[in-house]
Every structure is written in C-alpha cells, then in structure tokens.
Amino acid sequence: MYSNSADIPKFETLAVSVPKQFVYHVQLNRPDKLNAMNRKMWLEVGECFQKLGDNADCRAIVLSAAGRLFTAGIDLKDFAKMGPQLAEIDDVARRCRMLEKTIQLYQDSISSLEKCPKPVICAVHDACIGAGVNLITAADIRWCTNNAWFQVREVAIGMAADVGVLQRLPKVVGNDSLVRELAFTGRKFVADEAKEFGMVSKVFETKESMVEKAVELAEEISGLSPVAVQLTKRNLVYSRDHSVQEGLDHIRIWNQTMLQSEDFLNATMAQATKSPPPTFSKL
C-alpha cells in the first residue's frame, strides 16, 4: 500500500487511506452503528471532501464503508436530539431558522462530493438507505455488490427527502416515473434493478473485488492530466443543469486557458510520437 501518512486527514467517523499514489480511499467508519450518519459524520463528510478537493496529492477518490453494510441512513437517535432544542425556542420563525441552518449544513455535506473537483467512485455493499442514497447520487461513478439494496426511505419516517436525492436521482437515472415511484413508496430496490435503470454501472460478487477494482480505476484516472480530468468533471456537472449551448460556452471559456497548459502539450506530443504517457505535475 502506498503511504503518505503526513497528508492523510484524521476523522472520528471516517477512515482515510492512500492505497496508491494520488488515490485516496474514504470509508464511512461507524460500523458498530451500521454507519448511520450522525451530526459528526455529516460535518466530517463535508470537511473531508473539501480538504481532498484542495489536496494536490489527491487526484481520485474511492468512497466505501467499513463493516456489515454501507449505511443505515440518518442516525435517528442523534436526529431526535433536535426535538428538545427546538422545544426551548418559543417563536416559530426562530425554530424555522434553526432547522433551515441544519438542513443547509446537511445539504452542503452531500454536495461536497459533487463540488470536489476530483472524481469520486462510490463502492456500495449491502444496504444503502435514505441518506446513503442521497450521498451516492452526488458521486461521479457508482458501483455495488450483488447483495446491495437501496431505499429512498424518507417518506417512511414522515418527511420529504431534503438533501439531494429528489434533485439528483432523476438526472442520474433519466426515468422520472420510476424516481417518483421510489420516492413516494420508499420501497427497496436491489443491485440488478439499480444497474438496469442506471443508478450503478457495475455489479460485483464481493466487496473486496469491488473496492480493488475501484482503486484500480482511480489509479488509472490519477495517471491522466489532472487539468483535463478536473475540468471534465466541472463541465459535466455544469452541463447537467444547463442547456447544451450554455455547456458549450462554459467549456469554451475554460479551454481557452486550459489548452495552453503544459499537460495538453505533453499529452499530445506523447500520443503523436507514441511515447510513454507523460508524468503530470500536481495541480
């Protein structure tokens, strides 16, 4: 295993390692709590992906989970602590302000995967419930094991999902009717169905083989130009929410600068001369 311990962030609810040069592996790490997402984990997910986004030694990220399953979703015991806090506030406007700030904090945590300029490969095993589906739909690439199952569960606990799945899942799978069915009923769906409608792109026999292949893919990505990879992600995210012409305008404005990068010159020269791939500088 490649080691770069001086540059590995430390967290209470996440385990971060560097299995290959430029590849960071982030694991949800509350296995005794089924990786249920408490407030601490929400905060640390956002902090982790912001730090890795700014880390020049990180070019691709694998996200998986320790223990028996990927995540049981939001930690309801932790979430229940908000009740007494709200009860101490008499005015409805001020209670709403407290809730709004909490929801935004959780939204920003999920969005940190999407805002991170480095590609995020999500490797899901066993159950991925509620908040977990919100989390993985903000990743770039989603794989799972053949025993994985998923659930947009928020309606089952009396709430509308509010941290991204209702916004991202329709665009991930391109099937509005199906997304409404899943969101209105909270029913479970398994690996084969998730692959059939495009939420995941590969299904593996075991968690170990999946994570191994995810690290291999991350290593392959990390060997390419970080300028090209990160701009590609930026434009894909931008183009998803804008018209074709707006996406074209966006990439044209960026590439008028980025095509002057040494990465483009070195990569094209290597291709033209059939030379070994170049080694790209940190970005």
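Side chains included, hydrogens not; waters and symmetry mates left out as well; all remaining heavy atoms used.
- Cluster annotation: L166 is connected to L182 through the hydrophobic network of ILVMFWY side chains, with a link wherever side-chain heavy atoms come within less than 4.5 Å.
- The pair K171-D241 meets the salt-bridge criterion, with a side-chain N (NZ, NE, NH1 or NH2) lying under 4.0 Å from an Asp/Glu carboxylate O.
- Here the straight-line distance linking atom SG of C122 with atom CG of L113 works out to 7.0 Å at 0.5 Å rounding.
- At distances below 3.5 Å, at least one donor-acceptor pair connects side-chain atoms of T102 with backbone N or O atoms of M98.
- Put simply, the side chain of L231 reaches to within 4.5 Å of the side chain of N255, judged on heavy atoms.
- Once rounded to the nearest 0.5 Å, the distance linking CG of N55 with NZ of K282 reads 8.0 Å.
- Here CZ of R39 is found 5.5 Å from CG of L105. Values are rounded to the nearest 0.5 Å.
- When side chains are defined from C-beta on, L14 does not count as touching Q27, because their heavy atoms never get closer than 4.5 Å.
- Looking at heavy atoms from C-beta onward, V133 lies out of side-chain contact with I129 at the 4.5 angstrom threshold.
- Note: R59 CZ to F22 CZ = 4.0 Å, rounded to the nearest 0.5 Å.
- At distances below 3.5 Å, not a single donor-acceptor pair connects side-chain atoms of W143 with backbone N or O atoms of I121.
- Between H125 and F204 the shortest side-chain heavy-atom distance does not fall below 4.5 Å.
- For the pair L135 and L63, the minimum side-chain heavy-atom distance is below 4.5 Å.
- Inspection of the Q271 and T268 side chains reveals no N or O donor paired with an N or O acceptor under 3.5 Å.
- Between the side chains of Q107 and D162, no donor N or O sits under 3.5 Å from an acceptor N or O.
- Here the CD1-CD1 distance, from I136 to I110, works out to 10.5 Å after rounding to the nearest 0.5 Å.
- No side-chain donor-acceptor contact under 3.5 Å links N175 to the backbone of F197.
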*asked:* Run C144 and F150 through side chain to side chain contact (heavy atoms under 4.5 Å, CB included) and show every step you take.
replied: CA-CA 10 Å; C144 74; F150 307 84; 4.0 Å; yes
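- For the pair F11/N29, no side-chain contact is recorded, criterion being any heavy-atom separation below 4.5 Å from C-beta on.
- The backbone N or O of P278 lies less than 3.5 Å from no partner atom in the side chain of N266, so there is not a single donor-acceptor pair.
- Side-chain contact between V203 and T145 is absent, with no heavy atoms from C-beta onward closer than 4.5 Å.
- Linking Ile, Leu, Val, Met, Phe, Trp and Tyr residues whenever their side-chain heavy atoms come within less than 4.5 Å leaves M258 and L248 in two separate clusters.
- When every heavy atom of G186 is checked against every heavy atom of V155, the shortest pair comes out as N-CG2, 3.8 Å.
- The two residues S281 and P226 make their nearest non-hydrogen contact at O-CG, 3.6 Å.
- Of all heavy-atom pairs spanning V62 and A218, the tightest one is CG2-CB, 3.9 Å.
- In summary, R187 and E193 engage in a salt bridge, as defined by a charged side-chain N under 4.0 Å from a carboxylate O.
- Residue V211 comes nearest to H25 through the heavy atom pair CG1-CE1, 3.8 Å, listed as atom of the first residue, atom of the second, then distance.
- At least one donor-acceptor pair under 3.5 Å links the side chain of S225 to the backbone N or O of V227.
- Using modelled atom types, no side-chain atom of R95 and backbone atom of L86 make a donor-acceptor pair closer than 3.5 Å.
- Looking at E114, its side chain never comes within 3.5 Å of a backbone N or O of S111 through a donor-acceptor pair.
- No donor-acceptor pair under 3.5 Å is formed between the side chain of N35 and the backbone N or O of A72.
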*Tell me, with the steps shown, if K51 and D54 meet salt bridge (charged side-chain N to carboxylate O under 4.0 Å, His left out).*
CA-CA 5 Å; K51 284 185 174 180; D54 292 337; over 6 Å; no
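- In the hydrophobic clustering of this structure, V215 does not group with I8; members are Ile, Leu, Val, Met, Phe, Trp, Tyr whose side-chain heavy atoms approach within less than 4.5 Å, directly or through other members.
- Using a cutoff of 4.0 Å between basic side-chain nitrogens and carboxylate oxygens, D75 and K33 are not scored as salt-bridged.
- E44 and T13 share a side-chain donor-acceptor pair at under 3.5 Å.
- Between the side chain of K188 and the backbone N or O of A127, no donor-acceptor pair lies under 3.5 Å.
- Classified by interplanar angle (parallel below 30°, tilted 30° to 60°, perpendicular above 60°), the ring pair W254/H250 is tilted.
- With hydrogens and angles left out, the side-chain atoms of T206 and S209 include a donor and acceptor closer than 3.5 Å.
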*Decide side chain to side chain contact (heavy atoms under 4.5 Å, CB included) for Y238 and E246; before the verdict, give the C-alpha distance in whole Å, the side-chain angles of both, and the deciding distance to 0.1 Å.*
CA-CA 9 Å; Y238 181 91; E246 287 169 326; 4.2 Å; yes
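- The shortest distance between side-chain heavy atoms of E262 and L265 does not fall below 4.5 Å.
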*Candidate pair W149 and F189, rule ring pair (Phe, Tyr, Trp, His ring centres under 6.0 Å), full reasoning*: CA-CA 6 Å; W149 58 275; F189 56 99; 9.3 Å; no
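- With respect to the salt-bridge test (charged N to carboxylate O, under 4.0 angstrom), the residues K207 and D126 do not qualify.
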*Walk me through it: do I61 and V26 pass the test side chain to side chain contact (heavy atoms under 4.5 Å, CB included)?*
CA-CA 7 Å; I61 303 165; V26 179; 3.9 Å; yes
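- Contact record, S112 with F49: OG-CB, 3.6 Å, taken as the closest heavy-atom pair.
- The existence of a salt bridge linking K195 and D192 is excluded, since no basic side-chain nitrogen approaches an acidic carboxylate oxygen closer than 4.0 Å.
- Considering all non-hydrogen atoms of both residues, S239 and G247 come closest at OG-CA, 3.6 Å.
- By the 6.0 Å contact criterion, CD on Q245 is enclosed, its count of non-hydrogen atoms from other residues, nucleotides or ligands being greater than 12.
- Side-chain heavy atoms closer than 4.5 Å link hydrophobic residues (I, L, V, M, F, W, Y) into clusters, and following such links, possibly through other members, connects L76 to Y106.
- In this structure, OG in S64 is found 7.5 Å from CG in L28, a value given to the nearest 0.5 Å.
- Placement of I89 and L99 within a single hydrophobic cluster is found when ILVMFWY residues are connected by side-chain heavy-atom separations under 4.5 Å, directly or transitively.
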*Apply side chain to side chain contact (heavy atoms under 4.5 Å, CB included) to the pair Q21 and V23, showing each step before the final yes or no.*
CA-CA 5 Å; Q21 187 178 18; V23 174; over 6 Å; no
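- A salt bridge is defined here as a Lys NZ or Arg NE, NH1 or NH2 lying under 4.0 Å from an Asp or Glu carboxylate O, and D176 with R180 meets this definition.
- Side-chain atoms of K118 come within 3.5 Å of backbone atoms of C58 as a donor-acceptor pair (strictly under, hydrogens ignored).
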